[in-house]
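Here, residue 1 is the first one in the sequence, and each next residue gets the next number.
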Amino acid sequence: MNWMKLIPRSRARRIVWAVLILLLCMAPLFMTPFRLGLFTKFIALAILAVGLDLIWGYGGILSLGHGVFFGLGAYAMAMYLKLEASGSSIPDFMSWSGINALPFFWEPFRYFPVAFLLGILIPAALALILGYFTFRNRIVGVYFTILTQALVMIVVTLFVGKQEWTGGTNGLTGYRDIFGFAFQDSGTKIALYFITLAALIIAYLLCRYIVNSRAGQVLEASRDGENRVRFLGYDPSRFKTFAFTVSGALAGLSGMLFVLQVGIISPSMMGIVPSIEMVLWVALGGRGTLIGAIIGAVVLNAAKTGISEAYPEGWLLVLGGLFVAVVVLMPSGLTGLWNRIVRILYRQGGSKHAVIRKEG
């Protein structure tokens with residue numbers, strides 16, 4: 001009896017999802033606090049990868065500037081944490097720079113709900129403005145990619161130069177608790193893990209809903225034939241701007257959750273190299289699948305951590321090798337490879353079943 005015929009593909013997919021969610025919920029039981037913190041960081045980065053896959057995999061928009069949106073969200077949360085750690089005084093790096101009063105634009109970040117909303121709205125607003133003017137003027141392809149790289153260079157230079165406001169190259173650090181709960185406590189790590197996991201599930205479901213909606217269909221059609229979409233009466237720039245805005249908001253959310261795990265954010269974390277790595281996450285997992293972006297982000301960051309622990313100087317070589325391997329050997333990523341294996345198994349199972357029935 002062939003098990004491939006007993007379990008339909010749709011049911012097998014549901015079983016895999018159920019087992020995966022169960023394992024994720026049980027992760028705190030068999031992971032040390034340190035490893036759980038690392039895994040939570042990978043999940044936080046996967047939120048950004050899902051948003052990036054929305055615009056690249058389904059919209060054909062390659063952005064090398066998502067580190068900016070990630071950094072803006074991270075800085076929003078870090079500013080709140082820094083003010084909480086400083087109490088009634090101003091942050092220490094401002095005192096070292098000769099500032100005696102808190103800048104007015106820091107004031108809203110004293111309140112967690114405001115800081116949380118701004119951590120999503122500021123990246124979303126920047127993505128909306130950038131997308132509106134570029135897509136409206138039909139700046140696409142490599143020109144848009146170069147533009148996003150220029151945005152990274154401008155923002156990083158600004159954050160480094162304004163040391164008295166942003167902490168300069170050192171960034172923002174020196175905070176150890178939130179709402180009175182220390183980040184190093186095992187209970188806090190478990191709570192942050194489930195919060196981050198819930199945020200990832202919501203981000204995935206949101207992007208899945210967009211992809212399956214009319215807007216998602218127009219977005220995919222714009223990727224494959226933008227002029228034909230215009231001929232049918234749709235304005236592709238609106239749908240691209242909407243998707244780019246959602247992607248920027250998810251990157252900001254990812255940055256806020258990342259700061260809660262790492263305890264630091266600096267301009268180097270929002271530079272060109274991290275932005276390129278973000279694209280590699282989606283490429284490795286398989287763009288245009290959403291779940292592939294999650295797999296790619298978790299797998300690649302886990303590999304980065306493991307290789308960095310063993311060979312600190314060898315990670316960049318591995319990164320370059322992975323990029324070449326994905327482009328040459330796995331253009332559809334890990335999910336494409338998995339789907340190919342599943343199709344082969346079901347095809348072989350169906351052929352054997354047909355042969356048995358014929359001989360019988």
Can you give me every donor-acceptor pair (side chain of residues 186-193, partner residue at least two apart or in another chain, under 3.5 Å) with its distance?
residue, atom, partner, partner atom, Å
Thr188, OG1, Ala182, O, 2.8
Tyr193, OH, Leu24, O, 2.4

Show me the donor-acceptor pairs, under 3.5 Å and distance only, between side chains in residues 116-134 and residues at least two apart or in other chains.
residue, atom, partner, partner atom, Å
Tyr132, OH, Arg136, NH1, 2.6
Thr134, OG1, Leu130, O, 2.6
Thr134, OG1, Gly131, O, 3.3

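Counting only residues at least two apart or on different chains, the side chain to side chain donor-acceptor pair (under 3.5 Å) pairs with a member in residues 74-87 are Lys82-Asp92. Residue pairs meeting the side chain to side chain donor-acceptor pair (under 3.5 Å) criterion with at least one member in residues 290-307, sequence neighbours excluded: Glu277-Lys304. Applying the side chain to side chain donor-acceptor pair (under 3.5 Å) test to residues at least two apart or on different chains, none of the pairs has a partner in residues 141-164. Sorted by first and then second residue, the side chain to side chain donor-acceptor pair (under 3.5 Å) pairs with a member in residues 46-68 read Ser63-His66, His66-Ser247; sequence neighbours excluded.
For Asp185, there are no salt bridge (charged side-chain N to carboxylate O under 4.0 Å, His left out) partners at least two apart in sequence or on another chain. Among residues two or more places apart in sequence or in another chain, the side-chain contact (heavy atoms from CB on, under 4.5 Å) test is passed with Arg230 by Arg138, Glu226, Asn227, Pro236. Judged as a side-chain contact (heavy atoms from CB on, under 4.5 Å), and not counting sequence neighbours, the contacts of Ala215 are Ser213, Phe239. With sequence neighbours excluded, the residues that form a side-chain contact (heavy atoms from CB on, under 4.5 Å) with Val160 are Val156, Thr169, Pro267. Qualifying side-chain contact (heavy atoms from CB on, under 4.5 Å) partners for Phe105, counting only residues two or more places apart in sequence or in other chains: Pro103, Trp165. Asn170 is linked by a side chain to side chain donor-acceptor pair (under 3.5 Å) to nothing, counting only residues two or more places apart in sequence or in another chain.
In this structure, the separation between CD1 on Ile201 and CG on Leu206 is 13.5 Å, given to the nearest 0.5 Å. If you take OG1 on Thr40 and CE on Met31, they are separated by 8.0 Å, rounding to the nearest 0.5 Å. Here Trp281 contributes atom CH2 and Phe42 contributes atom CZ; the two are 10.0 Å apart, rounded to the nearest 0.5 Å. Rounding to the nearest 0.5 Å gives a distance of 11.0 Å between CG of Leu29 and CG of Leu23.
Classification of the Phe244-Phe144 ring pair by plane angle, with boundaries at 30° and 60°, yields perpendicular.
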